[in-house]
Amino acid sequence: MNIPTAITKISPTLWEIPVSYKEGMLVPARIFATEKLLSEMDAGVFDQVTNVASLPGILKYAYCMPDGHWGYGFPIGGVAAMDPHTGVISPGGIGFDINCGMRLVLTNLTEEEVRPRLHQLVDRLFARIPTGVGCHGFVRLSESEFGQVAEQGSRWCFKRGFATQDDLDMTEEGGCFAGADASHISNKAIQRGYNQLGTLGSGNHYCEIQVARPENVFDAQLARAFGIDIPNQVVVMFHCGSRGFGHQVATDYLKLFLSVMERKYGLKVVDRELSCAPFRSPEGEAYFSAMKCAVNMAFANRQVILHRIREVFSDIFQRDPFNLGMKMVYDVAHNTAKLERHEIDGKQREILIHRKGSTRAFGPGGYGLPECYAKTGQPVIIGGSMETGSYLLAGMAGGADAFFTTAHGSGRTMSRHQAKKTFRGDKLQRDMESRGLYVRTDSFGGLAEEAGAAYKNIDEVAETTERAGLSRRVARLVPIGNIKG
DNA sequence: ATGTTC
């Protein structure tokens, strides 16, 4: 058993490790999980979340969500809010894949209408959306035009005809984090990124055709408000981020911070992977701006992919995509740092929130939400493994204590290496097809790594976030087609 | 996650 003996149970879905657990902790660590999910977490989670609790300027608690697992420096599933004046910013608290995120798109088609053309549809998506490591997109950009993508995000897509105003409205922050300045980006990052717009990537990135079956709708009223109102309605969910561009931004600044952290700022961290800089320092501010460039590139990436998905559906079903009801439910990031206003000890304050493998989940009335979601709370998209389904949820008022944050996915229980040794991709593909799920992939090895059995149970994760008051389940979405890298 | 080891 990996669970520290010092842990105390605050509620059936919340656990706390006190500051006395480890020298240097400034705040307690809190983990949202059932006893079962807690017991499935690797020891690295407890080690890392308590390391995060020692970072300068951290406020309230270092959090970990129920899908938490070991990551680079911070656990994946981590949440850390810093005082912007005294605190640090850490790339490890955001992740290498900056603005990795989820997008959910409606159709007005039913499973019965899509099934006969499923193979054709998935094959065409696989042909039109580049997948795999190092893949390139169809949008031809000069390096300076790419700088505009990085600064403008989805707004650049709107100008180029790849987005509607409604798409922008249904994206977190309108698809553009303000304050992105491409002068903080290295040439190397631009070289890696400028031809990657509209590409899915590899690993757990995918584009899925899913069905909202009536028996899987948890809250019919919220489902209707989110546009799910036909029995067996088909939706499209996809998961990807900022590709090699964001990876290079993270690499560049991790290295820069390591060179100045101790020498220039006297910051000592217990793990080099917690490389950081004061938020209010030239290096910290440059990273925050560069990170926003990667955030915006990822929003634009998902927007161009949506444009292609609409083209494919339009070709296959011989109708305009908007006649097919292809409207976005929402696009939400799960690897970012943001300045947000939250109530801390009874006072409204601006704080710097790191969310790494955790999702913003504003409750009803949350600021900046589109008017249509003012009463429902923000749509939250939690992606499961490709075999087991995903969830649409809604932010809840009870999320305030966790800075309105919830889980992001299933969370691995088995390492990629272990999964590759345990499963065979070609057999998995045949098994999935016999269960009515048609999957296309660039790499059978990559497919084996994503086997459902290598992940936590998504139903338990989603239910735990609801019991903890973080996000209410709206509908469970079952995959029938999948393309992955 | 990632031109999967600068």
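The sequence lines fix the lettering, A, B, ..., with proteins before strands; numbering per chain opens at 1.
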Notebook entry, point to check: Is Gly244(A) touching bases, backbone alone, or none of the nucleic acid, heavy atoms closer than 4.0 Å?
Noted result: sugar-phosphate

Checklist line | Rounded distance in Å - CD1 (Ile98(A)) to C1' (dT2(B)) | finding: 12 Å

Checklist line | Nearest-Å distance for atom pair NE2/P, residues His136(A) and dT2(B) | finding: 12 Å

Margin query: Less than 3.5 Å apart, any donor N or O on the side chain of His205(A) or Asp97(A) sitting next to an acceptor on the other?
Written below: yes

Check: With a 4.0 Å cut-off on heavy atoms, is Lys255(A) in touch with a base, just the backbone sugar-phosphate, or nothing at all?
Finding: nothing

Note to self: Classify Gln196(A) by what it touches in the nucleic acid, base, sugar-phosphate, or nothing, heavy-atom distance under 4.0 Å.
What the structure shows: sugar-phosphate

Margin query: I want to check one thing: is the phosphate of dT4(B), taken as OP1 and OP2, less than 4.0 Å away from some side-chain N or O of Ser202(A)?
Written below: no

Check: Any side-chain heavy atom of Leu59(A) sitting closer than 4.5 Å to one from Val27(A)?
Finding: no

Item checked: Nucleotide dT5(B), atom P - distance to NE2 of His247(A) in whole Å -> 10 Å

Next item on the list: Rounded off to whole Å, could you give me the CG-to-C1' distance for the Leu254(A) and dT2(B) pair?
Entry: 13 Å

Notebook entry, point to check: Can you tell me how far P of dT5(B) sits from CZ of Phe96(A), to the nearest Å?
Noted result: 12 Å

Checklist line | Pairs flagged by ring-ring contact (aromatic ring centres under 6.0 Å, His included) wherever residues 442-464 of chain A is involved - sequence neighbours left out | finding: none

Next item on the list: Apply side chain to side chain contact (heavy atoms under 4.5 Å, CB included) to Val133(A) and list each qualifying residue two or more places apart in sequence or on a separate chain.
Entry: Ser202(A)

Check: Rounded to whole angstrom units, what separation is found between the CG atom of Asn335(A) and the C1' atom of dT2(B)?
Finding: 13 Å

Notebook entry, point to check: Rounding to a whole Å, what distance do you find between His417(A):NE2 and dT5(B):P?
Noted result: 13 Å

Check: Across the strands shown, which category fits Gly203(A) at heavy-atom distances under 4.0 angstrom: base, sugar-phosphate, nothing?
Finding: sugar-phosphate

Item checked: Interatomic distance, Lys420(A) NZ vs dT4(B) P [rounded to whole Å] -> 13 Å

